[in-house]
Amino acid sequence: MIPLLTQVTDVPVGSVPDAATRAALLADDPLWLILIKCVVILLIGPILTIFLIVWERKAVGRMQNRPGPNRVGPGGYLQSLADALKLPFKEQIIPDTADRKVYFLAPVLSAVPALIALSAIPFGPVVSIFGERTVLQLLDLPVSALVILACSSIGVYGIVLAGWSSGSPYPLLGGMRSAAQVISYEIAMGLSIVAVILQAGSLNLADIVGAQHKVWFLYLVPSFVIYLISMVGETNRAPFDLPEAESELVGGFHTEYSSMKFAMFFLAEYVNMVIVSAFATTLFLGGWMAPWPLSLIGNNVLNTGWWPLLWFFAKMFILLFGFIWLRGTLPRLRYDQFMRLGWKVLVPLNLVWIVMVTFAKVIAWNTASIIIAAVAIFIVVALFFYVRAAGREEESESIPVTGGGFPVPPLDLKVPQTTPRQKALAKAEAKAARRKPAAVGTAKEGAQDGVS
C-alpha cells in the first residue's frame with residue numbers, strides 16, 4: 001500500500017496517467033471530493049439545459065429573422081430560469097385511464113439515466129482540487145464506452161412506458177415510434193464506435209483520449225458522420241423527431257403530461273444532447289486535448305491544469321450548435337424515409353467500413369495489399385450498384401398492390417359502387433321494414449268507423 005500512495009503523490013499535475021495510475025488516484029479520493037464530483041456531474045445537465053433552451057430559441061429566431069426571448073432578464077437570457085420556476089407550480093392533470101404507477105415512473109426512467117451518464121466521461125488530466133490530486137472524472141471503468149451507450153438507450157423505456165401508461169392513442173403511437181427508432185439508430189451508433197475501439201485498442205474512454213495525443217480519430221470520417229446522424233436520431237431531435245411529431249401526433253408520447261413530469265421529459269431530451277455531444281468529443285475530437293495549433297504553444301502547456309476543461313466544452317458546444325442548426329434548417333422526414341436511412345444506409349455502410357478498418361489494421365500496407373484493397377473496394381461498389389439497379393428494374397415492372405412504402409392507391413384499385421357500411425344500413429332498413437306490422441292502420445280505422 002505504501003508504494004501505491006507514493007506513486008499517487010508523485011503524479012505531476014497536468015499529466016496523462018495510465019489506467020493503473022488513474023485507478024490509484026480515484027481510489028485515493030477523500031469522501032468530500034467524491035461528493036463534489038457527484039454534485040457537479042448532476043448539475044452539468046440541468047445547468048446546460050437552461051442555457052441551451054435560451055440559446056436554441058435565440059439562434060433559431062435569428063435564423064428565421066424573428067426575435068427570440070427578450071423580456072425576462074438582460075437580453076432575455078433568464079427566460080429558461082423563469083420557465084423552470086413556473087413548471088413545478090402548474091396544474092397537474094392525470095388522465096382517468098392512465099396507469100398511475102407507470103405514469104409516474106416513466107419520466108424518472110427518462111431523466112435519471114441521462115443525468116448519471118456523464119460520470120464516465122473524462123473531462124481532463126490530473127488536476128489539484130484543494131491540494132488533492134485527482135483526475136477530472138468520477139468513474140474509470142474498462143467498458144465506459146458501453147456504459148454511455150447503455151445510459152442513452154435506457155431512456156427510451158421511459159418514452160415507451162409514458163405512451164402506454166397515458167391511456168391515449170396518440171401517446172401510444174409516439175411511444176411505438178420511439179421503440180422502432182431507438183432499435184434502428186442505437187445499432188448504427190454502436191457500430192460507429194467500433195472503428196474507434198479498434199484504433200485505440202480499448203473500451204475505456206480515458207484510454208481512447210490518450211490514444212489521440214498525436215492525431216485525433218477525426219480521420220475516421222465515415223464513423224464520425226454516421227455517429228453524428230445517429231446521435232440526432234437517438235435523441236429524437238429534428239429532423240428525426242418522429243415520436244413527438246406535432247403535425248400528426250399532437251405532442252407525441254408526452255401529450256398527457258403536464259407540470260413537473262413534462263419538465264423531466266424536456267430535461268432528459270437536452271441532457272441526452274449533452275451526453276452524445278460529450279461522447280462524440282471524447283471519441284473523435286481528442287476529448288479534452290487542445291487543437292493542433294494550440295497544442296504546440298509553450299511545450300504543450302495548454303494541455304495541463306484546467307485548460308483542457310475549456311477545450312472539452314468548446315468542442316462540445318460546437319456539436320450542440322449542430323443540433324440547433326439542423327432544427328432551424330431541415331424539415332421533418334417521413335417515417336418510412338427515416339427508417340430506411342437507418343436500416344438500409346447507415347447499418348450496411350457501417351459494416352463495410354468496419355471490415356475495411358479491420359483489413360487495414362491487420363495487414364501491412366505495401367503495393368500488393370493496396371492493389372488488393374482497391375480491387376476489393378471496386379467489387380463491393382460494383383455489387384452495390386448492380387443490386388440497386390436490379391431492384392429498381394424489378395420495381396418498375398411490378399404493380400404495387402399496397403402502394404409501396406408510402407400510402408398511395410394501387411394501380412389496379414376498383415372503387416365499389418356502394419361501401420360496406422351503405423350495404424349494412426340498407427340491409428338493416430329492409431329488415432326493420434319487414435318487422436313493421438301491416439294491419440295496425442286498418443284496425444284503427446275500423447274501430448273509428450264502429451264508434452261513429
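Owing to the predicted nature of the structure, the values given are computational and were not obtained by experimental measurement.
Both tests pass for Lys58 against the ring of Tyr77: distance under 6.0 Å to the centre and angle within 45° of the axis. Within the cation-pi definition used here (under 6.0 Å to the ring centroid, within 45° of the axis), Lys315 does not qualify as a partner of Trp288.
Atom CZ of Arg66 sits in a crowded spot, with more than 12 heavy atoms from other residues, nucleotides or ligands closer than 6.0 Å. More than 12 heavy atoms of other residues, nucleotides or ligands shown are found within 6.0 angstrom of CH2 on Trp55.
Within the 3.5 Å criterion, the main-chain N or O of Met289 finds no donor-acceptor partner in the side chain of Trp307. Judged by distance alone, with hydrogens and angles left aside, the side-chain atoms of Asn204 form a donor-acceptor pair with the main-chain N or O of Leu141 at under 3.5 Å. Judged purely by atom type and a 3.5 angstrom limit, Ser277 has no side-chain atom pairing as donor or acceptor with the backbone of Val274. Listed for the Ser144 side chain is a donor-acceptor partner under 3.5 Å among the backbone atoms of Leu205. Remark: side-chain polar atoms of Glu269 are not paired, donor with acceptor, to backbone N or O of Phe266 under 3.5 angstrom. The closest donor-acceptor contact from the side chain of Ser119 to the backbone of Ile116 lies under 3.5 Å. The main-chain N or O of Gly174 is never found under 3.5 Å from a side-chain atom of Ser178 such that the two would form a donor-acceptor pair. Using modelled atom types, no side-chain atom of Gln79 and backbone atom of Pro69 make a donor-acceptor pair closer than 3.5 Å.
Taking the side chain as every heavy atom from C-beta outward, Asp99 and Lys101 approach each other to under 4.5 Å. Side-chain contact check for Val232 versus Leu326: some heavy-atom pair is nearer than 4.5 Å.
Taken from CE in Met231 to CZ in Arg237, the straight-line distance is 10.5 Å, to the nearest 0.5 Å. For the atom pair OG (Ser223) and CD (Gln199), the distance works out to 9.0 Å, reported to the nearest 0.5 Å. Rounding to the nearest 0.5 Å places CD1 of Ile47 at 12.0 Å from CG of Leu52.
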Original post:
Does the pair Val276 and Tyr227 meet the rule for a side chain to side chain contact (heavy atoms under 4.5 Å, CB included), with working shown?
Top reply: CA-CA 9 Å; Val276 295; Tyr227 180 88; 3.8 Å; yes
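Salt bridge annotation for Asp241-Arg177: absent, with no cationic side-chain nitrogen under 4.0 angstrom from a carboxylate oxygen. Asp83 and Lys90 are not joined by a salt bridge, as no carboxylate oxygen comes within less than 4.0 angstrom of a charged side-chain nitrogen.
Between Phe338 and Phe240, the ring planes lie tilted relative to each other; the angle falls in the 30° to 60° range. Ring-plane geometry between Tyr103 and Tyr257 is classed as parallel, the angle between the planes falling under 30 degrees on a 0 to 90 degree scale with a further cut at 60.
Of all the heavy atoms in Phe265 and Ala162, the pair that sits closest is CZ-CB, 3.4 Å.
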